[in-house]
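Beneath this line is the structure, given in structure tokens, with notes to follow.
Keep in mind that what you see is a predicted model, and the values were worked out from it rather than measured. Numbering of ligands and ligand atoms starts at 1, following listing order.
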Amino acid sequence: MTVPFLDLHAQYESIKDEIDLAIGDVVATSSFVGGKYVDRFEKQFASYQQSEYCVGVGNGTDALEIAIEALQMPAGEILVPANSFIASSEAVTRGGHDVVFCDVDPTTYTVDLIDAQTKVSDRSVAIMPVHLYGQPCDMDSVLEFASKHGLRVIEDCAQAHGAEWMSRRVGSFGDLATFSFYPGKNLGAYGDAGAVLTDDAELAARVRMIANHGRLSKFAHELEGRNSRLDGLQASILSAKLPHLESWTERRREVARAYRQRLQGVPNLILPGEVQGSRHVYHLFVIRTMSRDALQAYLRERGIQTGVHYPVALPKLDAYSRLRTADEEMFANRSDSELLSLPIGEHISEQDVAEVSEAIVDYLSKDRSL
Ligand SMILES: *Cc1c(COP(=O)(O)O)cnc(C)c1O
């Protein structure tokens with residue numbers, strides 16, 4: 001038996017009729033770019049995320065770039081967690097700012113504000129909390145930190161659709177928030193797609209202009225923007241999938257609970273933390289072990305697919321050698337060799353969890369390599 005890491009085809013099969021209808025509607029009305037399907041999804045998603053405005057864009061990376069541009073900040077430094085996907089920091093550089101990496105917390109994998117306190121300077125203009133793996137950042141502390149240092153807040157919610165900090169959806173705390181609907185994300189399109197959310201009408205209008213050639217009407221270009229729009233097919237597919245997101249998320253949380261029960265107390269194994277009052281949506285269930293590579297190989301032999309997010313901490317990538325922070329003493333820099341993402345999603349059964357957990361216990365309890 002094999003346990004796949006992700007199974008997009010199984011998800012399609014489970015809602016095939018709804019998806020096929022959603023695609024057919026768009027094709028029948030030729031609403032390919034902009035139009036009613038995009039408008040409808042933007043309203044639905046804003047409401048789901050408890051934000052006032054949602055602007056659909058081409059992907060989650062563009063969403064970050066456009067959000068940063070819309071804030072019109074003087075060139076300066078933006079604090080970014082050292083464990084994330086490169087898009088988070090890439091957008092900072094492409095926006096004309098300098099990336100400053102902060103450590104992440106060893107329990108939650110979200111930005112460590114004690115480290116951020118040592119990194120913030122009079123050139124700092126913003127902080128980008130990333131709700132990594134679906135784990136909500138402590139947004140009360142982030143907002144307090146930001147207001148103390150006069151920083152804008154851009155929430156990277158690419159992995160955190162439906163996640164909550166103290167009963168409020170992530171993305172509704174910062175100045176702007178960005179989402180990705182890359183196919184493998186918790187809410188995934190059938191291609192690239194993304195969105196920027198905000199409660200600020202003026203910011204929402206600027207985001208919309210930047211994403212669509214600096215215009216609000218056909219040929220009135222108020223500024224030079226770019227082309228990064230959500231297309232009708234993706235919007236219609238996302239509208240068909242959104243009503244299922246809560247049950248898919250609850251299933252992810254059940255799988256996480258089951259892993260937790262079966263893996264509690266296993267030697268040489270650290271489970272992800274969950275914070276009281278927050279809703280982790282488990283885009284990824286990331287464990288930590290000193291025997292990561294050997295365990296991953298052992299699981300692979302048994303047909304169990306796993307992933308590593310991310311194999312190299314951002315400061316250690318060639319792309320950031322100029323910053324000379326690869327050797328900085330940070331948890332993020334030393335833990336990247338220990339991270340392992342287990343299969344999670346609505347395609348994972350109780351049986352799968354049992355099989356994966358038994359294999360892990362089997363391996364780690366006999367592990368003599370330490
Ligand atoms: C996926 C992801 C992005 C980028 O989204 P794309 O839609 O792939 O461009 C940004 N940040 C994080 C944390 C992500 O996981």
Side-chain angles (χ1 to χ4, degrees), residues 5-6 8 41 45 49 54-69 78-95 99 101-102 104-105 108-111 126-137 139 142 153-163 170-171 174 176-197 207 211 226-231 233-235 237-238 241 252 272 280-286 307-315 317 319-320 332 336 339 341 344-345:
F5 190 70
L6 185 68
L8 293 177
F41 175 70
F45 193 64
Q49 287 297 144
C54 167
V55 181
V57 297
N59 56 68
T61 309
D62 284 0
L64 283 166
E65 286 189 28
I66 293 167
I68 290 170
E69 186 178 339
I78 300 185
L79 303 170
V80 180
N83 183 20
S84 185
F85 181 57
I86 192 172
S88 308
S89 46
E90 230 173 20
V92 168
T93 308
R94 297 188 69 84
V99 175
F101 287 120
C102 298
V104 296
D105 180 271
T108 61
Y109 303 98
T110 58
V111 63
I127 183 168
M128 184 192 292
V130 180
H131 306 292
L132 198 71
Y133 308 151
Q135 171 90 266
C137 296
M139 288 310 295
V142 169
V153 178
I154 304 129
E155 290 181 70
D156 183 343
C157 306
Q159 303 187 0
H161 317 73
V170 299
L176 291 156
T178 65
F179 284 82
S180 166
F181 306 113
Y182 179 77
K185 298 288 160 84
N186 286 19
L187 178 63
Y190 284 8
D192 276 312
V196 179
L197 271 62
V207 165
R226 56 192 284 179
N227 177 0
S228 181
R229 297 175 299 225
L230 177 61
D231 75 63
L233 277 170
Q234 302 308 338
I237 289 164
L238 289 166
K241 289 176 83 171
R252 282 177 185 273
H280 193 322
V281 295
Y282 292 101
H283 173 59
L284 295 168
F285 189 90
V286 178
V308 175
H309 303 87
Y310 292 90
V312 183
L314 293 175
L317 292 173
Y320 294 108
D336 53 4
L339 305 169
S341 309
I344 193 162

Which atoms of ligand 1 are found less than 4.0 Å from any heavy atom of [X]?
X   : value
A87 : 3 (C), 4 (C), 10 (C)
G60 : 4 (C), 5 (O), 6 (P), 7 (O), 9 (O)
S84 : 13 (C)

(request) Could you tell me whether E69 and R226 make a salt bridge, using a distance below 4.0 angstrom between a side-chain N and a carboxylate O? (result)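 No salt bridge links E69 with R226.
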
Can you pull out the closest protein heavy atom to [atom]? Residue, atom name and distance to 0.1 Å, please.
atom                    : answer
atom 15 (O) of ligand 1 : Q159 NE2, 2.8 Å
atom 12 (C) of ligand 1 : A158 CB, 3.4 Å
atom 9 (O) of ligand 1  : T61 OG1, 2.5 Å

(request) Using the ring pair (Phe, Tyr, Trp, His ring centres under 6.0 Å) rule, take F179 and F45 through it: C-alpha gap first, then chi angles, then the decisive distance, then the call. (result) CA-CA 10 Å; F179 284 82; F45 193 64; 5.0 Å; yes

Give the single entry among [options] that approaches [atom] most closely by any heavy atom.
atom                    : options              : result
atom 7 (O) of ligand 1  : S88, A189, A91, S180 : S180
atom 11 (N) of ligand 1 : D156, T178, L284     : D156
atom 1 (C) of ligand 1  : M128, K185, H309     : K185

Please give me the minimum heavy-atom distance between [X] and [Y], naming the atom from each residue.
X    : Y    : result
D62  : S228 : OD2-OG, 2.6 Å
V57  : A195 : CG2-N, 3.7 Å
I154 : P129 : O-CD, 3.2 Å

(message) Between S84 and Y310, is there a side-chain donor-acceptor contact under 3.5 Å, judged purely by atom types and distance?
(response)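 Judged by distance alone, the side chains do not pair up.
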
(request) Answer yes or no: is there a donor N or O on one side and an acceptor on the other, between the side chain of H283 and the main chain of H161, under 3.5 Å? (result)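 Such a contact is absent between H283 side chain and H161 backbone.
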
